[in-house]
Protein chains: 2
Amino acid sequence: MVQAIDLPRNEQGIAAALDILKQTFGDRFQTGASVREQHGHTTTWIKNQMPDAVVFPLETAEVADVVKVCARYGVPIIPFGVGSSLEGHVNAPAGGVCVDMSRMNKVLAVHAEDLDCVVQPGVTREDLNTHLRDQGLFFPIDPGANASLGGMVATRASGTNAVRYGTMKDNVLSLEVVMPDGEVIRTASRAKKSSAGYDLTRLMIGSEGTLGIVTEITLKLQGIPEAMSSARCSFDSVQAACEAVMTTIQYGLPVARMELLDTMSVKAVNAYSGLDLPDTPLLLLEFHGSEAGVAEQAEMFGTIAEESGGSGFEWTTSTEERTKLWQARHDAYWASIQLRPGAKGISTDVCVPISRLAECVRQTQEKIAESGFIAPIIGHVGDGNFHTLLLVDMDNPEEVEKADIFVGWLNDLAISMEGTCTGEHGIGQGKKPYLIRELGKAVDVMASIKAAIDPDNIMNPGKIVPHA
Amino acid sequence: MVQAIDLPRNEQGIAAALDILKQTFGDRFQTGASVREQHGHTTTWIKNQMPDAVVFPLETAEVADVVKVCARYGVPIIPFGVGSSLEGHVNAPAGGVCVDMSRMNKVLAVHAEDLDCVVQPGVTREDLNTHLRDQGLFFPIDPGANASLGGMVATRASGTNAVRYGTMKDNVLSLEVVMPDGEVIRTASRAKKSSAGYDLTRLMIGSEGTLGIVTEITLKLQGIPEAMSSARCSFDSVQAACEAVMTTIQYGLPVARMELLDTMSVKAVNAYSGLDLPDTPLLLLEFHGSEAGVAEQAEMFGTIAEESGGSGFEWTTSTEERTKLWQARHDAYWASIQLRPGAKGISTDVCVPISRLAECVRQTQEKIAESGFIAPIIGHVGDGNFHTLLLVDMDNPEEVEKADIFVGWLNDLAISMEGTCTGEHGIGQGKKPYLIRELGKAVDVMASIKAAIDPDNIMNPGKIVPHA
């Protein structure tokens with residue numbers, strides 16, 4: 001929904017809390033219009049809703065101090081990573097205090113022998129991987145943006161590697177969280193598995209800052225594979241490409257990445273990057289393993305792709321060649337934006353059982369054609385997740401409304417196919433109505449958990465649950 | 001703790017609820033002493049605490065009916081699978097109604113193309129795998145017992161395959177749950193990944209029936225691997241074996257199973273099964289993949305094992321030979337029990353970061369020797385999880401107390417090593433004090449969730465959270 005949620009403001013409480021925080025945080029407390037605007041604005045089409053102040057804590061105790069002050073005066077708290085979320089997650093519909101975690105950006109420990117590490121939430125995924133490289137380790141979750149790990153926890157992020165390595169829910173061992181009353185908890189030990197009570201780790205992952213502020217994250221790591229191979233294949237139709245995807249998954253090929261570009265995306269990258277790929281749907285794959293293993297797997301995929309009518313199959317293990325094969329994917333976002341200069345790119349995020357993927361993409365393409373949108377499709381198809389990048393002229397209210405209707409139609413289509421309105425972006429403000437359509441009474445259970453943990457609704461109000 | 005938790009009984013409510021349920025369920029409502037005793041007795045050393053009645057529902061609507069009746073009269077409800085849990089999970093400390101899910105044992109759907117299936121909670125893991133075999137699929141989670149899938153959800157179970165395939169938390173897509181007010185919710189769609197609100201699926205997994213009754217489970221499935229290889233290697237010390245484990249994991253070898261038997265376990269299986277394995281710690285491994293892959297992996301492990309001082313390395317891909325290599329592990333439980341006929345086997349379940357595993361096992365063995373216990377050790381060592389099977393004469397109160405002290409000592413040791421008191425068995429009644437020592441204030445958050453979802457504390461009271 002383009003319409004932002006507006007909530008009543010607690011003017012008196014906000015004034016009191018700001019007074020105290022200003023004294024405590026000095027120049028790490030800011031109320032300038034530009035910094036506030038920057039923090040109330042994210043990559044979404046929901047209008048900017050600014051916080052009243054932004055604080056920049058350096059350690060857990062400071063986060064707890066902010067939360068305690070805000071709790072005392074009933075003031076909203078909005079945790080902020082790098083602002084790359086897509087559904088109005090960091091908007092401040094009732095004003096309040098934005099807690100910018102970017103200065104809590106230390107890698108606190110790397111336990112190479114345990115394949116885990118402990119980081120502060122402001123560390124970005126690229127910074128972490130730079131830090132780890134020398135030790136032969138990496139963290140596999142890779143959303144499009146160079147997001148902060150705290151933000152990735154908050155939205156249960158994933159990306160192109162999820163088909164092999166899972167999402168954030170599968171790659172966090174434990175969290176330190178400042179709860180809405182200022183208490184600091186640790187959700188789990190550092191053990192690789194546990195049956196010790198309710199899974200608070202997973203409850204916090206995807207809670208979008210509505211249940212507490214994550215101040216420390218223990219992440220699972222992976223050894224950098226001995227070898228990688230990449231493969232590319234074109235198909236006459238999305239259906240044929242999806243058939244190859246299904247067979248590959250069913251065959252149990254341990255594919256690390258499996259991405260689809262539809263015809264419009266392929267045309268966009270051909271134009272943008274001077275490539276000459278066939279103007280048809282394209283699958284891009286990556287395999288991780290031993291030298292022999294990744295060669296075997298790429299060739300196996302070649303056989304599957306051929307049986308599904310694929311053409312132009314290529315594969316390689318050389319780094320340079322792999323980059324070239326994947327260039328279409330790397331350039332896709334910027335190439336797509338160029339299809340309509342000046343337009344805003346609005347991304348959908350449905351995810352359906354893989355058996356319904358071809359049909360879901362086909363209906364989406366038909367609807368796009370019918371509506372006259374320019375809207376290329378890119379998919380993490382190994383998981384049944386795809387993004388439609390709607391290029392919208394935000395100065396044309398009719399078009400914005402039409403886009404809004406399209407997004408709703410697509411979310412409902414995915415839900416009708418036993419899928420979800422969001423595979424990896426989250427609910428925020430934008431998808432609240434669809435969450436109810438998707439999960440019905442389960443949303444009441446979410447609301448009761450929210451009310452129990454945050455009875456005064458100060459943690460990122462207006463997000464996920466109704467009436468919050 | 002051997003001491004059972006006793007809670008006050010609501011005699012009037014129980015009488016009223018039983019009256020109604022008797023009329024509704026006819027001969028699927030039972031109050032005979034033997035059936036009640038069987039349902040209040042599990043494989044634990046906590047005394048039997050019988051429910052007042054056992055009902056056998058056939059469908060979700062009937063479960064909801066039972067819950068609504070019990071909710072109206074404030075009567076405890078104890079969900080029951082096959083009774084293989086180990087920490088007093090199904091004991092009825094305040095009496096009430098045991099809901100035996102064993103007749104809800106249908107496989108409702110297998111979506112081979114999506115690698116998932118939908119089952120009722122009474123389906124056992126072996127029944128499911130028998131059902132799936134013809135389609136080339138399997139469900140990898142394998143606790144020791146032939147547990148029901150509902151019970152496995154409840155305890156967040158795992159087993160020997162967890163090092164590759166994860167635990168129940170990683171293998172459930174969605175749940176249907178009857179909540180404590182009788183409402184039926186679905187926690188998630190059937191999509192492979194989702195960021196749609198709080199992760200109620202993971203909240204329910206491991207909640208041990210304290211938040212609701214699971215009535216339908218959507219499980220991820222795996223294709224039966226093209227090939228499997230098994231390997232076996234002996235080591236001079238647990239330290240050397242653990243070093244090989246660490247190197248194997250760090251190397252990124254996709255091991256499916258990696259089990260440790262300590263010297264006492266090896267001696268037990270030698271005696272029980274007429275094997276002639278060296279009387280030293282033993283590692284058993286299994287690899288899943290392509291023919292070439294599993295051969296390569298087994299040989300790679302051989303090199304690693306040799307570098308860690310291993311001896312007697314053998315490996316094979318033939319099914320018959322694999323069974324032989326694994327015979328020691330398959331026979332370990334019964335062989336261990338034979339070390340002291342008449343004694344009860346009490347299993348500990350600590351799990352520590354893998355870098356601490358050798359030290360944790362070493363201290364445990366020392367303590368066992370010091371205490372004079374017969375207590376072989378078997379470990380899912382790829383995950384840092386191991387079980388000590390304490391063989392206890394339950395008729396000797398002093399010995400029982402000594403065993404209780406040992407269990408506490410070991411739980412505390414694991415916690416001090418950033419590990420957990422339970423890798424896969426759960427908290428139940430038995431580990432409530434250790435949960436608090438392990439997670440501190442986080443347990444208060446669990447208690448507030450419990451109070452919000454089940455304000456009258458009717459769902460499996462006395463388990464996991466304090467004051468419940």
Side-chain angles (χ1 to χ4, degrees), chain A residues 111 113-115 155-156 158 162 167 169-170 183 185-187 189-200 202-203 206-207 223 225 246 250 252 290 292-293 296 351-355 383-385 418-427 435 438-439 441-442 445-446 448-449 452-453 464, chain B residues 111 113-114 155-156 158 162 167 169-170 183 185-187 189-200 202-203 206-207 223 225 246 249-250 252 290 292-293 296 351-355 383-385 418-427 435 438-439 441-442 445-446 448-449 452-453 464:
Chain A
H111 306 112
E113 66 284 18
D114 294 318
L115 291 181
T155 53
R156 201 180 299 132
S158 48
T167 75
K169 90 171 158 48
D170 306 301
E183 287 283 8
I185 68 163
R186 181 162 293 284
T187 59
S189 74
R190 202 159 62 77
K192 237 182 104 189
K193 65 180 199 184
S194 165
S195 285
Y198 302 160
D199 192 344
L200 299 181
R202 251 50 61 183
L203 181 63
S207 67
M246 270 199 286
Q250 277 181 305
S290 66
E296 186 187 25
C351 184
V352 295
I354 209 160
S355 61
D383 296 313
N385 182 211
E418 297 185 84
T420 176
C421 64
T422 175
E424 55 184 18
H425 294 169
I427 299 297
L435 180 63
E438 184 173 322
L439 295 180
K441 290 173 194 160
V445 177
M446 295 182 198
S448 73
I449 292 168
I453 291 181
I464 301 184
Chain B
H111 305 112
E113 65 284 17
D114 294 319
T155 53
R156 201 182 297 131
S158 48
T167 75
K169 89 172 161 46
D170 307 301
E183 287 284 7
I185 67 162
R186 181 162 292 283
T187 58
S189 75
R190 203 160 60 77
K192 237 183 100 186
K193 66 181 199 184
S194 165
S195 286
Y198 302 160
D199 191 344
L200 299 182
R202 250 52 59 181
L203 180 64
S207 68
M246 269 198 286
I249 296 282
Q250 278 181 306
S290 66
E296 186 187 24
C351 184
V352 295
I354 208 161
S355 62
D383 295 314
N385 183 209
E418 296 186 82
T420 176
C421 64
T422 175
E424 55 185 18
H425 295 171
I427 299 297
L435 180 64
E438 183 173 323
L439 296 179
K441 289 172 193 161
V445 176
M446 295 181 198
S448 74
I449 292 168
I453 291 180
I464 300 184

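By convention in this document, chain letters (A, B, ...) are assigned in the order of the sequence lines, proteins followed by strands, and residues within each chain are numbered from 1.
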Look at the side chain of A:D114 and the backbone N and O of B:S355, then say whether any donor-acceptor pair between them is shorter than 3.5 Å. yes
Of all of B:I249, B:L439, B:I449, which one pairs up most often with chain A through heavy atoms under 4.5 Å apart? B:L439
Heavy-atom pair count under 4.5 Å with chain A, highest-scoring of B:S448, B:G206, B:G419: B:G419
What part of A:E424 lies closer than 4.5 angstrom to a heavy atom of chain B: side chain, backbone, both or neither? both
Pick whichever of B:P225, B:C351, B:G252 has the most heavy-atom pairs under 4.5 Å with chain A. B:C351
Kindly compute the distance separating NZ (B:K192) from CG (A:D383), expressed to the nearest 0.5 Å. 4.5 Å
When A:A442, A:A191, A:G423, A:G426 are compared by non-hydrogen pairs under 4.5 Å with chain B, the top option: A:G423
Residues A:T167 and B:K193: side-chain donor-acceptor under 3.5 angstrom: no
Scored by heavy-atom pairs under 4.5 Å with chain B, the best of A:T422, A:T155, A:D170, A:L115 is A:T422
Tell me, for B:N385 versus chain A, whether the close heavy atoms (under 4.5 Å) come from the side chain, the backbone, both or neither. side chain
Most heavy-atom pairs under 4.5 angstrom with chain B, which of A:H425, A:R190, A:H111? A:R190
With a 4.5 angstrom heavy-atom cut-off, could you sort out which part of B:L200 is near chain A: side chain, backbone, both or neither? side chain
For A:I427, is it the side chain, the backbone, both or neither that has a heavy atom under 4.5 Å from a heavy atom of chain B? both
With a 3.5 Å distance limit and no angle check, can you tell me whether B:R156 reaches the backbone of A:G197 through a side-chain donor-acceptor pair? yes
Over all atoms of both residues, closest heavy-atom pair of A:E296 and B:A292: OE2-CB, 3.9 Å
Interface residue of largest heavy-atom contact number with chain A, from B:P353, B:A452, B:C421, under 4.5 Å: B:P353
Can you say whether A:S194 sits under 4.5 Å from chain B via the side chain, the backbone, both, or neither, judging by heavy atoms? both
Of B:S290, B:A162, B:G223, the largest count of non-hydrogen pairs under 4.5 angstrom with chain A goes to B:S290
Please state whether the side chain, the backbone, both or neither of B:I354 comes within less than 4.5 Å of a heavy atom of chain A. both
Where does B:S207 contact chain A at under 4.5 Å (heavy atoms): side chain, backbone, both or neither? both
Is there a donor-acceptor pair under 3.5 Å between the side chain of A:T420 and the backbone N or O of B:S189? no
Among B:M246, B:Q250, B:E438, single out the residue with the greatest number of heavy-atom pairs under 4.5 Å to chain A. B:Q250
